[in-house]
Amino acid sequence: QEERERKNLMGCKNEAHPPVSWGAMVSIQQYAILIALFCSIVAIILSIHLIYCHLKNYTCPQEQKHIVRILVMVIIYSTDSWCSLWFNSLSVYFDTARDMYESVVLWEFFALLMTYLGGEENVVNLMSEKEPIQHPPPLCCIPPFVPSRRFLVRCKQMILQYVLVMPCCAMLTFILETFGVYCEGEFSLSRGYIYITSIINVSVTLSLYFLILFYLTMEEDLRPHKPLGKFLAIKAIIFFAFWQGIALSALSAFGVIQPVKGWSTTEIGVAINDFVICIEMMAIAICHCFIFSYKPYVDMDDSEELLKPHMEAVQATSTFFKDVANPSDVWGETTKTFKREQPRLGVEELRNFLALSSVEQEGAIVRHGRLQKMSGSVFMTWKPVYVV
């Protein structure tokens with residue numbers, strides 16, 4: 001009997017709780033459900049309105065496609081978190097499906113920054129004018145890196161690997177949960193949660209770090225687009241979606257969160273996380289109205305559309321499913337990035353460097369304060385910046 005009670009309190013398999021028992025007495029769970037529902041509805045309405053305004057004023061598809069995909073995140077997170085709060089025994093499935101979109105948001109933000117800068121080739125040209133960049137703390141002890149095409153490809157690979165890792169981890173989570181060995185919130189070497197969480201943690205850390213490196217490298221060039229608010233919103237998403245859940249799982253594992261009335265510590269931690277996310281999504285939706293505003297894309301000369309509200313709605317819906325909801329560009333960029341032949345990177349730079357006179361070559365090397373490394377005709381990692 002004691003062992004059964006211990007498994008109920010700390011076990012892997014969630015007991016099937018009824019969604020809510022609406023009796024005469026209003027419980028804390030009922031208050032949480034209602035508050036989360038209100039916040040989720042507000043967040044969803046604000047996001048749908050902002051998405052509709054972008055699609056109605058779809059004057060810059062290259063940028064707005066990525067913006068709308070980022071805005072969809074609030075709808076997915078709000079709906080999924082509230083459903084997870086309502087159907088607590090199925091929370092692992094809802095939360096895993098929700099967190100898969102987090103990787104897409106990271107990539108879409110990176111793609112948006114690339115679009116702001118004029119595309120890959122223009123970004124490479126801008127990088128060729130940059131001085132070596134110091135790594136941010138706590139990795140500032142690592143030697144500075146020189147922005148180059150190779151660095152840009154590494155950024156894309158590190159961000160896209162998260163897009164690939166998350167679906168694989170989600171499938172493993174569903175399988176392990178089905179067999180009762182996933183055990184969400186239990187930091188045990190005999191359970192799947194600690195391994196899946198560790199893999200995702202490494203993957204998201206690499207993805208976010210290279211996104212930060214890219215942002216620091218191109219910060220001056222991005223300044224006209226006011227990227228700081230957008231960047232902080234994306235970092236907030238990562239914190240709310242992943243590390244906040246891990247922190248609550250740790251509090252449950254170490255007994256800070258206590259079981260209450262048939263609810264295990266893990267179930268309570270997951271429910272708190274879902275409840276808080278619903279509130280946070282409302283705050284993020286409000287922020288999105290300012291940092292991802294549709295007003296810069298309004299065509300003031302287009303007055304005919306104002307007379308056709310019905311056609312506007314049809315066109316907005318068509319644009320969403322044809323352009324925004326079509327993931328072919330993400331898959332195409334993934335395959336192109338990982339199939340790129342890395343040894344050919346830097347060949348053009350090597351050819352240009354060898355075409356310089358010996359004095360110009362020395363000037364290019366001295367400017368960076370480091371030695372040129374070459375082995376035969378193979379260009380090694382360092383991309384020279386020429387001195388005029």
Side-chain angles (χ1 to χ4, degrees), residues 6-15 17 19-20 27-37 39-40 43 73-74 76-103 105 166 169-170 173-174 176-177 181-189 191-205 208 235-284:
R6 188 189 67 83
K7 289 183 178 180
N8 286 336
L9 295 178
M10 297 296 296
C12 308
K13 204 87 170 176
N14 289 344
E15 296 294 331
H17 297 290
V20 179
S27 65
I28 295 178
Q29 182 191 5
Q30 293 169 352
Y31 277 124
I33 290 285
L34 294 175
I35 294 173
L37 178 62
C39 294
S40 297
M73 176 272 305
V74 173
I76 293 177
Y77 271 49
S78 299
T79 304
D80 228 322
S81 298
W82 189 83
C83 289
S84 178
L85 188 62
W86 178 271
F87 301 101
N88 187 268
S89 60
L90 302 176
S91 61
V92 63
Y93 301 105
F94 286 116
D95 293 347
T96 302
R98 174 195 69 198
D99 294 343
M100 286 177 59
Y101 198 73
E102 174 190 332
S103 60
V105 170
M166 276 304 295
C169 288
T173 299
F174 293 153
L176 294 176
E177 179 67 16
V181 293
Y182 177 65
C183 307
E184 183 177 13
E186 186 170 336
F187 295 89
S188 172
L189 296 179
R191 308 303 182 188
Y193 174 78
I194 188 171
Y195 300 105
I196 298 295
T197 301
S198 299
I199 293 172
I200 296 176
N201 192 18
V202 172
S203 180
V204 68
T205 301
L208 187 58
K235 289 186 69 175
I237 292 169
I238 303 300
F239 173 78
F240 296 152
F242 184 69
W243 284 308
Q244 177 178 272
I246 292 181
L248 287 169
S249 296
L251 292 177
S252 300
F254 290 107
V256 178
I257 298 177
Q258 297 295 323
V260 177
K261 294 183 179 178
W263 287 70
S264 69
T265 57
T266 299
E267 291 171 333
I268 294 175
V270 171
I272 292 175
N273 187 42
D274 292 325
F275 171 73
V276 174
I277 286 179
C278 289
I279 298 175
E280 292 164 345
M281 287 302 109
M282 183 178 70
I284 290 179

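One is the number of the first residue; the rest follow in order along the sequence. When reading the values below, keep in mind they use all heavy atoms of this one structure, side chains included, and skip hydrogens, waters and symmetry mates. Note that the structure is predicted; figures quoted are calculated from it, not measured.
The structure places CZ of Arg191 at 14.5 Å from CD1 of Ile196, a figure rounded to the nearest 0.5 Å. Annotation: the span from Ile199 atom CD1 to Tyr195 atom OH amounts to 10.5 Å, rounded to 0.5 Å. Rounding to the nearest 0.5 Å places CD1 of Ile35 at 12.0 Å from CD of Gln30.
In this view, Asp274 and Arg98 satisfy the salt bridge (charged side-chain N to carboxylate O under 4.0 Å, His left out) rule, not counting sequence neighbours. Residues meeting the side-chain contact (heavy atoms from CB on, under 4.5 Å) test with Val204, sequence neighbours left out: Glu102, Tyr162, Asn201, Ile238, Phe242, Trp243. Under the ring pair (Phe, Tyr, Trp, His ring centres under 6.0 Å) criterion, Phe187 pairs with Tyr193, not counting sequence neighbours.
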Stepwise side-chain contact (heavy atoms from CB on, under 4.5 Å) test for Leu85 and Ile33: CA-CA 7 Å; Leu85 188 62; Ile33 290 285; 3.9 Å; yes
Pair Tyr77-Ile284, side-chain contact (heavy atoms from CB on, under 4.5 Å): steps then yes or no: CA-CA 11 Å; Tyr77 271 49; Ile284 290 179; over 6 Å; no
Steps toward side-chain contact (heavy atoms from CB on, under 4.5 Å) verdict (Ile277, Gln244): CA-CA 9 Å; Ile277 286 179; Gln244 177 178 272; 3.7 Å; yes
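Side-chain atoms of Ser78 come within 3.5 Å of backbone N or O of Val74 as a donor-acceptor pair. Under a 3.5 Å cut-off, the side chain of Ser84 and the backbone N or O of Asp80 do not form any donor-acceptor pair. Of the possible polar contacts, none joining the Thr96 side chain to the Tyr93 backbone as a donor-acceptor pair under 3.5 Å is found.
The two residues Cys169 and Ile200 make their nearest non-hydrogen contact at SG-CG1, 3.7 Å. Of all non-hydrogen atoms in Trp82 and Ser40, the two that sit nearest each other are CB-OG, 3.9 Å. For the residue pair Ala170 and Met100, the shortest heavy atom distance occurs at CB-SD, 3.5 Å.
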